[in-house]
Enquirer: 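Mind looking over this structure? Questions follow.
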Amino acid sequence: MNGNRAAELLRERFGRGPELIVARAPGRVNLIGEHTDYNEGYVLPFAIDRYTEVAVRPRTDRVVRVYSAAVDETLSMELPLRNPKPQGRWSDYLVGILQGFSELRPFPHGFDAAIWGNVPLGAGLSSSASLEVAFAVALVQLYGLELDGLELVRLCQRAEAGFVGMPCGIMDQYTAYFGEAGHALFLDTRALEHRAVPLDLEGMALVVVDSSVRRALAGSGYALRRRECEEAARWLSRRFPGRGIRTLRDVDGAMLEMVRGEMPGTLWRRARHVVEENARVLATVDALEKGDSDEVGRLLTVSHASLRDLFEVSIPEIDFLVDWGLEHGAAGARLVGGGFGGVTLHLVAAELREKYVAEIKKAYWERFRIEAKAVEVRPGSGAKYERDLGHR
Ligand code: ADP
Ligand code: MG
């Protein structure tokens, strides 16, 4: 690990001092398994080769200072936190984590910290989870806390869903912590267990193309889909008593066929997406194990059609990017993330990627007069830390 940038920033901002700790955690992309996590289903994310680094150094008093290069701001406060409230700012993520830790044990002293990263903020690659996990790993080391990986992941997820107020599942934080280089994580969000699956599609590249569209509907639309899924599960549990249906995870395709036309149409479509998307995750794991890029691509594209037609979370700009990709040589493409804007994932031949990126941006600009941003992502490793004794 090469945590020099955050360490250098720390020395630059707050001077030299005793031993420091540097922690790093990556962003993520979910290959497939969209809107399945809050239905206790399967997802298949991978950590990417972009990450956030946090360097921390203890102080003797109770002051906390945190500088972040991405926003070029320093947060200052004093421990213990007294009934903190979210401010709608970047510091909320950190305060949420500090709050979570302080419920475990009071802080004996403060610290100085500096943050550096190359996960683009707000671009659907989960800079927020990478920040949370890197910060939490740094604090665990700084204070010598005994917390296992899953507890740390849950603490970060609670900071975002509870304190920051962004109703996210656990996938992002889980992947930022447990990610493995060269692998995707086949994660069962009910059991909270994963298996690493090699993500090595020879000659292929994974490119994220950001539509740059953020609809105001994203938050409310996401919340509405969650409610619809819960309602669909309740409807099916009444219709099939004794089948132990708690969430859409417990539903299968045969049940849905039996109630086609009987179940309210919207709920039926939502349920069908989730049930089939879970099956697509299993099929993708299979295809990855066989190194079958064509099949992985096909599954991505079918997932998109389902998000568009059954789950109804796509928008014209996103459909344009996916359709353009499929017409110009992509093996597969889909909307990733909650929907109503956001980003698309494209599986393309590695040798074509530069031309592909240049042309899709041009076509998108010509059609919508919006600038798309593109990043190639590779499966990187999960959270790490090191003690930096070298440069005082
Ligand atoms: P995403 O997680 O997809 O990047 P979010 O909106 O969930 O998008 O999270 C982005 C927010 O997380 C930023 O607006 C900022 O508040 C915070 N954030 C992420 N990384 C950093 C960083 N390095 N420094 C400061 N704030 C950050
Ligand atoms: Mg986020």
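Ligands are counted one by one from 1 in listed order, and the atoms in each one are counted from 1 as well.
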Enquirer: May I ask you to say whether Asp210 pairs ionically with Arg214, meaning some side-chain N is under 4.0 Å from a carboxylate O?
Expert: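 Answer for the salt bridge query: yes.
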
Enquirer: How does Leu121 reach ligand 1, by side chain, by backbone, by both or by neither, if only non-hydrogen atoms under 4.0 Å count?
Expert: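 Both the backbone and the side chain of Leu121 come within reach of ligand 1.
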
Enquirer: Run the side-chain contact (heavy atoms from CB on, under 4.5 Å) check on Leu152 and Leu147 step by step: do they pass?
Expert: CA-CA 6 Å; Leu152 182 143; Leu147 206 66; 4.1 Å; yes

Enquirer: Please confirm whether Gly117 comes under 4.0 Å of ligand 1, counting heavy atoms of the residue only.
Expert: no

Enquirer: Please state which part of Ala129 comes within less than 4.0 Å of ligand 1, counting heavy atoms only: side chain, backbone, both or neither.
Expert: neither

Enquirer: Let me see the working for Val43 and Tyr174 under side-chain contact (heavy atoms from CB on, under 4.5 Å), right down to the final yes or no.
Expert: CA-CA 11 Å; Val43 289; Tyr174 193 99; over 6 Å; no

Enquirer: Examine Arg243 relative to Phe240 and say whether NZ or CZ is less than 6.0 Å from the centre of the six-membered ring and inside a 45° cone about the ring axis.
Expert: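 Geometry flag: set, cation within 6.0 Å and 45°.
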
Enquirer: Ligand 1 and Ser128, any nitrogen or oxygen pair closer than 3.5 angstrom?
Expert: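 Min N/O separation from ligand 1 is below 3.5 Å for Ser128.
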
Enquirer: For the pair Phe320 and Phe368, name the ring-plane relationship: parallel under 30°, tilted 30 to 60°, perpendicular over 60°.
Expert: perpendicular

Enquirer: Is the distance between the Mg ion (ligand 2) and the nearest N/O/S atom of Ser127 smaller than 2.8 Å?
Expert: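 Short answer: no, not a single N, O or S atom is under the cut-off.
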
Enquirer: Please indicate whether any nitrogen or oxygen in Thr52 is less than 3.5 Å from any nitrogen or oxygen in ligand 1.
Expert: no

Enquirer: Just distances here: any N/O of Gly122 and N/O of ligand 1 closer than 3.5 Å?
Expert: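 It does: an N or O of Gly122 is found under 3.5 Å from an N or O of ligand 1.
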
Enquirer: Quick one: is the NZ or CZ of Arg24 closer than 6.0 Å to the six-membered ring centre of Tyr51, and within 45° of its axis?
Expert: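 Yes, a cation-pi geometry.
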
Enquirer: Backbone, side chain, both or neither: what part of Ala70 comes under 4.0 angstrom of ligand 1, heavy atoms only?
Expert: side chain

Enquirer: Does Arg13 make a cation-pi contact with Tyr67 (under 6.0 Å, within 45 degrees of the axis)?
Expert: yes

Enquirer: Look at the rings of Tyr42 and Phe186 and say which category their plane angle falls in: under 30° parallel, 30 to 60° tilted, over 60° perpendicular.
Expert: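 It falls in the tilted class, 30° to 60°.
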
Enquirer: Which is it for Val119 and ligand 1 at heavy atoms under 4.0 Å: side chain, backbone, both or neither?
Expert: neither

Enquirer: I need the contact type for Trp116 against ligand 1. Using non-hydrogen atoms and a strict under-4.0 Å cut-off, is it side chain, backbone, both or neither?
Expert: neither

Enquirer: Mark up the atoms of ligand 1 that fall under 4.0 Å of a heavy atom belonging to Ile115, in ascending order.
Expert: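 Counting from 1, the qualifying ligand atoms are 23 (N).
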
